[in-house]
Chemist: 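Here it is, the structure in full.
We use all heavy atoms of the structure for the numbers below, so side chains are in, but hydrogens, waters and symmetry mates are not. In the text below, chain A, chain B and the rest are named by the order of the sequence lines, each starting its count at 1.
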There are 2 protein chains.
Amino acid sequence: MDKIDYKILNFLKEDADITNAALADKVYLSPSSCLRRVQKLKSQGVIKKTVAIIDEKVLGRNLQAIVEVDFDRHGTSSSAPFNERVKNEISVTKAYGITGESDALLFLSLVDMQEYEQVCERLFNNDKNVIRFRTSFVMKRIKD
Amino acid sequence: MDKIDYKILNFLKEDADITNAALADKVYLSPSSCLRRVQKLKSQGVIKKTVAIIDEKVLGRNLQAIVEVDFDRHGTSSSAPFNERVKNEISVTKAYGITGESDALLFLSLVDMQEYEQVCERLFNNDKNVIRFRTSFVMKRIKD
DNA sequence: TTCTTTTATGCAATAATATTGCATGGACAA
DNA sequence: TTGTCCATGCAATATTATTGCATAAAAGAA
C-alpha cells in the first residue's frame with residue numbers, strides 16, 4: 001500500500017470503467033504493473049467489489065426516507081431479530097447502530113408511501129422492542 | 001426498458017466486474033445483444049457510472065458520523081453557501097435536505113475525532129444560519 | 001558496506017474479451 | 001399481406017487484459 005496504490009484506489013473509486021491502460025497512464029506505470037497492483041488490491045479485499053450506479057428513478061425507487069429507531073432493550077440478543085428483518089427488507093439500503101438520541105438509523109429507498117407503510121408495519125409496529133421511530137423524507141440531495 | 005433490462009441492472013448493481021459473456025448467459029441473450037443493451041443503458045444514463053467499493057479501513061476513514069442540522073432560515077439563498085461548503089468537504093460523503101425535526105442530514109466518513117472537530121468548525125460553527133446540530137456516531141453496521 | 005533475497009517493473013507474446021458488420025426474424029402498423 | 005423498425009445471433013475484427021520472462025529496484029542479512 002504505497003502512494004501509487006492510493007492513487008489507483010482514488011481513480012477506481014470514481015470510475016471503474018476506465019481501461020487498465022488509461023489507469024496505468026494516470027499513475028505513470030506500465031499496463032502490466034498497474035494491472036498487477038489492481039489484482040492484488042482485489043485479492044487483499046482492499047477493493048471489495050465494483051458496482052454499477054443505477055438511476056434510482058428508473059428503478060422506481062425515488063422516495064428516500066431516513067428513520068431513527070429507539071429500542072427498549074439494547075443487548076445483542078434483543079436487537080438480533082430486528083437486524084435480521086432489516087437485512088431482508090429490500091427497501092432498506094443502509095442501517096446502522098448509532099450513539100446519541102436514537103439507537104438505530106435506517107435508510108429507505110421506496111417506490112411510494114404505500115410501500116413505506118408496509119415496511120413500517122413489518123419492521124417497527126410488529127416489534128415489541130421498538131418503542132418509537134421518527135421518519136424524515138429526503139427533499140433535496142445536496143451531495144450523493 | 002423491458003424485463004431483461006431490469007435483470008441486467010440488478011446484476012450489474014451487485015457486480016460490475018462480470019464479463020459481458022457471463023452476463024449474457026444469466027439473462028439468456030447472446031453476448032452481442034447483451035452488450036448493446038448495456039451500452040444503451042449507459043448512454044441513456046440509466047447506468048450512471050461504475051465504481052469500485054473500497055474498504056474504508058484501508059483509506060483510514062473508519063469513523064462514521066451522522067449529523068442532523070437545524071437552520072435558521074430555509075430558503076434556497078440562505079442554504080446555498082452551506083451546500084457549497086458541504087460539497088467541498090471531503091469527509092462528507094452524503095448530504096440531504098430533509099423533512100421533519102431537522103433540516104439537513106450529513107454523513108461523515110472521518111479519519112479521527114480531530115478531523116470531526118475541524119469539519120464542525122468549518123461547516124457549523126462558522127455558519128450563522130446553522131442554529132444547532134446533533135451528531136450520532138456509527139457503532140455497528142447492520143446493513144451497508 | 002557488500003551480498004543475498006525479495007519484490008516490482010516493463011516489454012513482448014498470448015489469451016480473453018469487447019465490439020462491429022451483416023443477415024435474419026419477430027412485432028407492429030398501414 | 002406488405003413494409004418498416006428494431007432486436008437478435010453469428011462470425012470477423014479490434015481492444016483489452018493477462019502472462020512469462022529478463023531486468024532493476026528495494027529490503028534485509030552479514
Side-chain angles (χ1 to χ4, degrees), chain A residues 1-62 90-91 93 109 111-112 115 144, chain B residues 1-62 90-91 93 109 111-112 115 144:
Chain A
M1 288 294 309
D2 60 6
K3 218 166 181 178
I4 300 179
D5 282 327
Y6 284 107
K7 268 191 177 182
I8 289 174
L9 293 180
N10 278 315
F11 282 118
L12 293 182
K13 197 173 60 173
E14 295 298 328
D15 175 20
D17 267 338
I18 188 175
T19 66
N20 178 58
L23 180 61
D25 262 358
K26 295 207 176 203
V27 301
Y28 305 105
L29 275 183
S30 70
S32 55
S33 284
C34 182
L35 182 70
R36 273 185 270 244
R37 277 173 182 264
V38 173
Q39 288 171 331
K40 199 174 195 177
L41 291 167
K42 282 183 182 173
S43 72
Q44 289 173 330
V46 175
I47 297 174
K48 290 183 185 172
K49 58 177 179 173
T50 100
V51 301
I53 307 295
I54 312 299
D55 187 339
E56 301 232 343
K57 286 174 200 158
V58 175
L59 291 180
R61 296 190 170 277
N62 204 24
I90 323 167
S91 62
T93 56
S109 196
V111 173
D112 52 26
E115 186 181 25
D144 208 355
Chain B
M1 289 295 307
D2 60 7
K3 219 164 181 177
I4 300 178
D5 283 326
Y6 283 108
K7 268 191 177 182
I8 289 174
L9 294 178
N10 279 315
F11 280 118
L12 293 182
K13 196 174 62 176
E14 295 298 328
D15 174 21
D17 267 338
I18 188 174
T19 65
N20 178 56
L23 180 62
D25 262 358
K26 296 206 175 203
V27 301
Y28 305 106
L29 275 183
S30 70
S32 56
S33 283
C34 183
L35 182 70
R36 272 185 271 245
R37 277 172 182 265
V38 173
Q39 288 171 332
K40 199 174 193 176
L41 291 167
K42 282 183 181 172
S43 72
Q44 289 173 332
V46 175
I47 297 173
K48 290 183 187 171
K49 59 177 179 174
T50 101
V51 301
I53 307 295
I54 312 299
D55 188 338
E56 301 233 341
K57 287 173 199 157
V58 174
L59 292 180
R61 296 190 170 275
N62 205 24
I90 323 167
S91 62
T93 56
S109 197
V111 173
D112 53 25
E115 187 182 23
D144 210 353

Chemist: Does Asp5(A) offer a backbone N or O that forms a donor-acceptor pair with the side chain of Asp2(A) under 3.5 Å?
Modeler: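 Indeed, once roles are kept as given, a pair shorter than 3.5 Å links the two residues.
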Chemist: Rounded to the nearest Å, what distance is computed from the CG atom of residue Asp2(A) to the P atom of nucleotide dT7(C)?
Modeler: 15 Å
Chemist: Would you tell me whether Lys13(A) and Asn10(A) have side-chain atoms, one donor and one acceptor, within less than 3.5 Å of each other?
Modeler: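 Note: Lys13(A) and Asn10(A) side chains meet the donor-acceptor criterion.
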Chemist: Donor-acceptor pair, distance only, cut-off 3.5 Å: does the side chain of Arg61(A) make one with the backbone of Glu56(A)?
Modeler: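 Not a single qualifying donor-acceptor pair exists.
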Chemist: Inspect the surroundings of CD1 in Ile90(A) and state if more than 12 heavy atoms from other residues, nucleotides or ligands are less than 6.0 Å away.
Modeler: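 No, because the 6.0 Å sphere around CD1 of Ile90(A) holds 12 heavy atoms or fewer from other groups.
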Chemist: In the structure I gave you, are the side-chain heavy atoms of Asp55(B) and Gln44(A) within less than 4.5 Å of one another anywhere?
Modeler: no
Chemist: Where is the tightest heavy-atom contact between Ala52(A) and Ala16(B), given as atom of each residue plus distance?
Modeler: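 Here Ala52(A) and Ala16(B) meet closest at N-CB, 3.8 Å.
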Chemist: How close or far is atom C1' of dT8(D) from atom CD of Gln39(B), stated in whole angstroms?
Modeler: 14 Å
Chemist: Rounded to the nearest Å, what distance is computed from the CG atom of residue Leu35(B) to the C1' atom of nucleotide dT13(D)?
Modeler: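 Those two atoms, CG and C1', are 14 Å apart.
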Chemist: Just N and O in the side chain of Lys40(A): are any of them under 4.0 Å from OP1 or OP2 of dT7(C)?
Modeler: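 So the side-chain polar atoms of Lys40(A) never come under 4.0 Å of the phosphate oxygens OP1 or OP2 of dT7(C).
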Chemist: May I ask you to test the Arg37(B)-Lys40(B) pair for a side-chain heavy-atom distance under 4.5 Å?
Modeler: no
Chemist: Quick check: are there more than 12 heavy atoms from other residues, nucleotides or ligands sitting under 6.0 Å from CD1 of Ile53(B)?
Modeler: yes
Chemist: Kindly indicate whether the side chain of Arg36(B) and the base of dG21(C) share any N or O donor-acceptor pair separated by less than 3.5 Å?
Modeler: yes
Chemist: What are the residues of residues 15-33 of chain B, sorted by number, that bring a heavy atom to within less than 4.0 Å of DNA chain D?
Modeler: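 Within this stretch, Leu29(B), Ser30(B), Ser32(B), Ser33(B) sit under 4.0 Å of the strand.
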Chemist: Which ones in residues 5-14 of chain B lie close to DNA chain D, meaning a heavy atom under 4.0 Å from one of its atoms?
Modeler: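 Residues of residues 5-14 of chain B under 4.0 Å from DNA chain D: none.
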